[in-house]
*Asks:* 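Before anything else, here's the structure in question.
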Amino acid sequence: MSTWSPTSWRTKPITQDVTYPDAAHHDRVLRKLRTLPPLVSEQEVDSLAEQMAEVAAGRAFLLQGGDCAELFEYCSQTPIEHKLSLILIMSLILLNAAHIPIVRIMRIAGQYAKPRSKPTEIVDVADANGNMVKKEVMSYRGDNVNGYDINDRTPDPDRLTAAYFHSSTTLGYIRTLLSSGFADLHKPLEWSFSYVRNPELLKQFTDVVEHLQDRLEFMKVATGAAGGSERGGTQTVNIFTSHEALLLEYEEAFTRAEEHKPSNLTPASRPTTPGPSRSASIVRGEQSPASSGILPKKRFYNRSAHFVWIGDRTRQLDGAHIEYFRGIVNPIGVKVGPSMKPDELVRMLDILNPDRIPGKVTLISRYGAAKIDDYLPTHIDAVKATDHVVVWQCDPMHGNTKTSEADSSLKTRHFSDIMHEITRAFEIHREKGTILGGIHLELTGELNDEGYSVTECIGGSMELEDKDLNLNYRTHCDPRLNYEQSLDVAFQVSDYLSAAKKGRKPRDLFKAARK
Ligand code: PEP
Ligand code: CO
């Protein structure tokens with residue numbers, strides 16, 4: 001395999017690329033980005049890598065969620081607080097049932113680029129005489145490329161700089177909240193949970209929090225722990241950030257050679273037996289340490305987020321995205337849909353993880369409720385026949401997108417399909433003797449001015465119907481689970497986790513919501 005460098009992806013064919021009208025302007029922006037400080041530290045990335053190894057081994061559970069397309073305008077106090085509180089609440093529900101650590105990764109602070117199935121779309125616009133006519137415009141590609149407004153669809157390089165500053169501010173505010181006790185276990189009932197109108201859901205959650213508080217009180221008495229445990233042991237709560245690393249020029253600008261000495265590296269993040277392929281392929285610049293004989297091996301971190309993933313549309317084995325991803329230290333994800341061939345999956349793992357680091361690669365399966373039985377078992381068999389230890393994660397969103405029957409301009413997802421795909425993922429992994437390590441959701445805790453949740457997915461304990469979608473439909477891309485629906489998923493998944501532990505059959509908490 002040829003030598004890797006942060007720029008070697010440029011020699012490979014690329015999909016979903018963006019062409020900027022002013023290339024010199026784009027270059028100036030990239031030069032500036034390369035000088036800006038990184039957003040996350042090497043130690044944080046290493047810590048996540050260690051935790052992902054635990055997830056792969058079934059000793060921790062991964063909860064990943066957030067917007068499909070994050071907008072710059074979400075970088076504001078209330079939306080950030082709502083999103084963070086939702087992930088924290090869900091993780092408490094899971095923790096209470098699973099009794100294993102929950103690794104929380106948010107799709108936030110950089111989820112600004114979107115791959116699209118079509119490069120252009122036809123929209124209705126008024127002509128000079130005020131008559132509505134059809135016009136073809138570039139598709140909305142996410143806030144770091146162009147605007148959602150149909151008059152703002154030309155790619156603008158300054159949006160890349162704006163993406164960096166919005167990511168930085170969002171992450172900074174998350175860090176501020178966490179270091180000021182936002183995740184304190186005495187707070188959950190103050191979090192925006194008060195907006196939930198379903199009394200049963202509220203009761204269930206109050207029980208979880210009281211139970212966790214009791215356990216912590218007990219631990220305090222039992223261990224004599226003082227002070228430090230006042231925040232319920234959650235003062236060390238970790239939130240990791242993630243996004244689809246689609247715009248490789250941006251990712252390259254934040255790909256930085258490691259700063260700390262190799263001896264400081266944790267065992268989980270550095271292979272104990274360095275594979276020959278790594279030492280030959282991941283080196284500073286274009287020079288090989290094997291050929292120089294003296295240069296220390298350099299490892300490269302993507303420091304724009306802790307975890308980055310490759311989308312289902314950009315994972316070609318000989319393509320630019322796989323090339324970029326094979327060289328970074330971060331734990332990485334790959335979306336795996338029905339078009340992935342089992343032998344292709346294995347070759348992909350060989351390329352992305354030549355050193356077989358456990359938990360380095362998360363396979364984010366997204367087949368759809370109707371297809372999971374056709375694809376997941378064969379994909380599991382293919383990986384089981386190798387020495388790769390992956391994290392299996394279920395994305396029950398992207399294979400289940402439908403058009404609303406009441407309004408054909410709206411995309412939606414049925415809660416029953418989402419739960420069906422998660423349920424089958426649990427069952428299939430159990431049958432195969434593998435572990436479902438986590439779930440990957442598109443969700444939001446966002447509320448409108450009257451305090452109502454978004455209405456983008458159908459079903460759940462709120463029993464939202466197709467005709468309700470227009471009430472508060474806000475997404476600029478895919479439909480997201482709202483506050484209540486997200487909690488519904490958390491409760492149902494926590495029931496699977498505790499059933500698995502106790503060897504009982506899981507309950508179907510949402511029979512009524514099933515069609
Ligand atoms: C996404 O996660 O928003 C996405 C576009 O997913 P996929 O690549 O699986 O279609
Ligand atoms: Co999406």
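Fair warning: this is a prediction, and the values are worked out from it, not measured in the lab. One-based numbering, in listed order, for ligands and for the atoms of each.
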*Asks:* Anything under 30° is parallel, anything over 60° is perpendicular, the rest tilted; go ahead and classify Tyr483 against His82.
*Replies:* perpendicular
*Asks:* If you have a sec, work out which protein heavy atom is nearest atom 9 (O) of ligand 1 and how many Å separate them, to one decimal?
*Replies:* Arg366 NE, 2.6 Å
*Asks:* With heavy-atom distances below 4.0 Å as the criterion, list the atoms of ligand 1 near Gly311.
*Replies:* 8 (O)
*Asks:* Angle between ring planes, His440 versus Trp309, binned at 30° and 60°: parallel, tilted or perpendicular?
*Replies:* perpendicular
*Asks:* Do Lys114 and ligand 1 have an N or O pair less than 3.5 Å apart?
*Replies:* yes
*Asks:* Give me the nearest non-hydrogen protein atom to atom 1 (C) of ligand 1 as residue plus atom name, then the distance to 0.1 Å.
*Replies:* His398 NE2, 3.0 Å
*Asks:* Indicate, with yes or no, if the rings of Phe307 and Phe240 have centres closer together than 6.0 Å.
*Replies:* no
*Asks:* Using a 4.0 Å heavy-atom cut-off, say whether Met397 meets ligand 1 through its side chain, its backbone, both or neither.
*Replies:* neither
*Asks:* Compute the centroid of each ring, for Tyr112 and then for Phe72, and state whether the two points are separated by less than 6.0 Å.
*Replies:* yes
*Asks:* What atom name does the N, O or S atom of Glu442 nearest to the Co ion (ligand 2) carry?
*Replies:* OE2
*Asks:* Just need the protein heavy atom nearest to atom 8 (O) of ligand 1, so name the residue and atom and give the distance.
*Replies:* Asp312 N, 2.9 Å
*Asks:* Of all the N, O or S atoms in Asp478, which one sits nearest to the Co ion (ligand 2)?
*Replies:* OD2
*Asks:* For Ser304 and Glu251, which I'm curious about, is there any donor-acceptor pair between the side chains at under 3.5 Å?
*Replies:* yes
*Asks:* Are Tyr452 and Asn482 linked by a side-chain donor-acceptor pair shorter than 3.5 Å?
*Replies:* no
*Asks:* Taking all heavy atoms of Met340 and all of Arg315, pick out the closest pair and write down the distance.
*Replies:* N-NH2, 3.6 Å
*Asks:* Got an N/O contact under 3.5 Å between Asp395 and ligand 1?
*Replies:* no
*Asks:* Suppose we only count N/O/S atoms under 2.8 Å; would His398 qualify as near the Co ion (ligand 2)?
*Replies:* yes
*Asks:* Pull out every atom of ligand 1 sitting under 4.0 Å from any heavy atom of Cys68, numbered as shown with elements.
*Replies:* 3 (O)
*Asks:* Heavy-atom contacts with Arg107 under 4.0 Å: which atoms of ligand 1 show up? List them by number with element.
*Replies:* 1 (C), 2 (O), 3 (O)
*Asks:* Do Gln111 and Asp67 pair up side chain to side chain, a donor and an acceptor below 3.5 Å, judged on atom types alone?
*Replies:* no
*Asks:* Provide, to 0.1 Å, the distance between atom 2 (O) of ligand 1 and the closest protein heavy atom, together with that atom's residue and name.
*Replies:* Lys335 NZ, 2.7 Å
*Asks:* According to the interplanar angle, ranging from 0 to 90°, do the rings of His476 and Tyr140 count as parallel (below 30°), tilted (30 to 60°) or perpendicular (above 60°)?
*Replies:* perpendicular
*Asks:* Between Tyr367 and His379, is the ring centroid distance below 6.0 Å?
*Replies:* yes
*Asks:* Using a 4.0 Å heavy-atom cut-off, say whether His243 meets ligand 1 through its side chain, its backbone, both or neither.
*Replies:* neither
*Asks:* Please verify whether a non-hydrogen atom of His440 lies at under 4.0 Å from ligand 1.
*Replies:* no
